[in-house]
Amino acid sequence: MTDTQKSATLTLDGESYELPIFSPTAGPDVVDIRKLYAQAGVFTYDPGFTSTASCDSTITYIDGDKGELLHRGYPIDQLAGKSHYLEVCYLLLYGELPTAAQLEDFEVRVTRHTMVHEQMHNFFRGFRRDAHPMATLVGVVGAMSAFYHDSLDVTDPWQREVAAVRLIAKLPTIAAMAYKYSIGQPFVYPRNDLDYAANFLHMCFSVPAEEYHVNPILSRAMDRILTLHADHEQNASTSTVRLASSSGANPFACIAAGIACLWGPAHGGANQACLEMLKEIGTVDRIPEYIERAKDKNDPFRLMGFGHRVYKNTDPRAKVLKQSADEVLELLGVENNPLLQVAKELEQTALNDPYFIEKKLFPNVDFYSGIILEAMGFPTSMFTPIFALSRTVGWISQWKEMIADPQNKIGRPRQLYLGETMRDYTDIEQR
Ligand code: ACO
């Protein structure tokens, strides 16, 4: 953060207040309003944080107008093409690409933590069989704080490190267990000879009764989905993790809070909602009807997988996944899948429609991830858990950054109060 020597002047009731302006390494300048209330006695008003920087960060940068996403400066398309998920995890956590030795050490550390405490199995069995895997995930990740007492002290850097590795390592195991439980199959233990993505597919799709070989094209596609979802700066769930952690809450509780936020259909739940929408549309001839509904102000229906708070251009992650979707569907011999036909036609129709052009609504990452996951054999209910497991590293990296920041203080927004002013209590007989 550079002090630009520039300032903004706010004039209020004849008084002027100078507000410092800081320059980021990329992106718009920010006006520092931290002392505004103390000096001028006013708050700022910004529901949904559309113009508010809640923190400074060095992890991820998005230029929504250009459709650019950088992790520690590296463009996402280069990372998705040349790197792999665990290397990107290292980059997000520690700030630099690892050397071969550092990567090996990190992979060993993550791999050693893939199993969950055996007693945790009982937790899963306490859920109803038909529980949504996200419900199970929120509960079980929160419950990790009842199992891993030696990594709860957030003031200890070593414990923070152990918690970070535990979460990255165990989330695939927990997500796969939530899935297996929901379909009545036995839990499958992790296999440390497989890479991160392949191991996850193994835990989801293998059964004790027969051999299961992970197709390398599918594990590469899964790795790409994980990589593309790894972090996305101060989105709703990341901000939730930061806010939860600002009170000093333990890392497992904070990540459980992030998972709960991610679940919503305006955020991580959009991939499930998108596929359900494609199924509802069903055939290409019904697309115009749904496009009209999406444009109708009186209809709550929105085109799921379209639009983004920050991207006002193509989501760079969607570009990579579109290509991945073609590869996976061809491999599986389902390139003529009716759902995909609907998706492709819907995308073209929306991209050429003045409403979507004018509002800069482009397909986001969720538009394609669901198609790939469905082709791999995942039920729609697993789409958001997979998003959650990929995003865990982003949450944890942002959490670590925040805790190490000396400016860290409890998050406590103000409000524009529009309720009743003080009035006297009325006894019940008089109401
Ligand atoms: N379909 C139809 N119209 C839309 C859509 C959509 N998917 N998205 C936005 N619009 C319209 C809104 O109605 C609004 O119109 P108006 O200006 O006439 O009122 C305008 O575009 C701006 O929309 P907002 O909701 O104000 O934009 P915001 O930044 O708050 O919302 C969001 C972004 C939540 C992603 C929104 O585009 C949406 O609901 N999309 C569908 C859900 C989705 O795909 N979410 C995934 C996000 S990516 C992720 O989490 C990984």
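One-based numbering along the sequence shown. Ligands are counted one by one from 1 in listed order, and the atoms in each one are counted from 1 as well. Both backbone and side-chain heavy atoms feed into the values below; hydrogens, waters and symmetry mates do not. On a predicted model such as this, the values are computed, not experimentally measured, just so you know.
- Residue Tyr355 holds the heavy atom nearest to atom 3 (N) of ligand 1 of all those in Tyr355, Tyr311, Phe301.
- Taking a cut-off of under 4.0 Å to the non-hydrogen atoms of Lys359, the atoms of ligand 1 that pass are 11 (C), 15 (O), 16 (P), 17 (O), 18 (O), 20 (C), 21 (O).
- Looking from atom 43 (C) of ligand 1 to the surrounding protein, the closest heavy atom is Ala270 CB, 3.5 Å.
- Heavy-atom proximity to atom 48 (S) of ligand 1, evaluated over His308, Arg317, Arg309, Arg391, is greatest for His308.
- If you check the side chains of Gln234 and Gln398, you find a donor sitting under 3.5 Å from an acceptor.
- Atom CZ of Phe49 is surrounded by 12 or fewer heavy atoms from other residues, nucleotides or ligands within 6.0 Å.
- Atom numbering of ligand 1 starts at 1 in the shown order; those under 4.0 Å from a heavy atom of Phe387 are 51 (C).
- Atom NZ of Lys322 has 12 or fewer heavy atoms from other residues, nucleotides or ligands within 6.0 Å.
- Judged by a 6.0 Å distance limit and a 45° cone about the ring axis, Lys359 is positioned over the six-membered ring of Tyr355.
- Here the shortest heavy-atom pairing between Thr240 and Ala257 reads CG2-O, 3.6 Å.
- With respect to Glu345 and Arg286, no salt bridge is recorded, no charged nitrogen being found less than 4.0 Å from a carboxylate O.
- Counting heavy atoms from C-beta on, the side chains of His229 and Ser369 come closer than 4.5 Å.
- At the top of the distance list for atom 40 (N) of ligand 1, counting protein heavy atoms only, stands Phe306 O, 2.9 Å.
- For atom 26 (O) of ligand 1, the nearest protein heavy atom is 4.0 Å or more away.
- Any N or O atom pair closer than 3.5 Å counts here, and Ala266 shares at least one such pair with ligand 1.
- Side chain of Arg309 to main chain of Gly48: a donor-acceptor pair is present (N/O by atom type, distance under 3.5 Å, no hydrogens or angles).
- Regarding atom 51 (C) of ligand 1, its nearest protein heavy-atom neighbour is Asp366 OD2, 3.4 Å.
- Among all non-hydrogen protein atoms, the one lying nearest atom 35 (C) of ligand 1 is Gly307 O, 3.7 Å.
- At a distance under 4.0 Å, a protein heavy atom can be found next to atom 38 (C) of ligand 1.
- Outside the 6.0 Å centre-distance limit, the rings of Tyr311 and Phe362 are not counted as a close aromatic pair.
- Here's the thing with Lys312: none of its N/O atoms is less than 3.5 angstrom from an N/O atom of ligand 1.
- Contacts with ligand 1 closer than 4.0 Å are made by heavy atoms of both the backbone and the side chain of His267.
- Considering every non-hydrogen atom in both Gln272 and Ser381, the closest pair reads OE1-CA, 3.7 Å.
- Between Lys170 and Tyr148, the shortest heavy-atom distance links the atoms CE-OH, 3.4 Å.
- For ligand 1, one of its N or O atoms has an N or O atom of Gly305 under 3.5 Å away.
- Contact record, Tyr181 with Arg125: OH-O, 3.2 Å, taken as the closest heavy-atom pair.
- Counting only heavy atoms of the protein, atom 2 (C) of ligand 1 lies nearest to Ala294 O, 3.6 Å.
- The protein atom (non-hydrogen) at minimum distance from atom 4 (C) of ligand 1 is Leu361 CD1, 3.5 Å.
- Of the protein's non-hydrogen atoms, the one nearest atom 1 (N) of ligand 1 is Leu303 N, 3.1 Å.
- Note that atom 17 (O) of ligand 1 has protein non-hydrogen atoms nearby, at separations under 4.0 angstrom.
- Neither the backbone nor the side chain of Phe367 comes within contact range of ligand 1; no heavy atom lies under 4.0 Å.
- The protein heavy atom nearest to atom 24 (P) of ligand 1 is Arg302 NH2, 4.0 Å.
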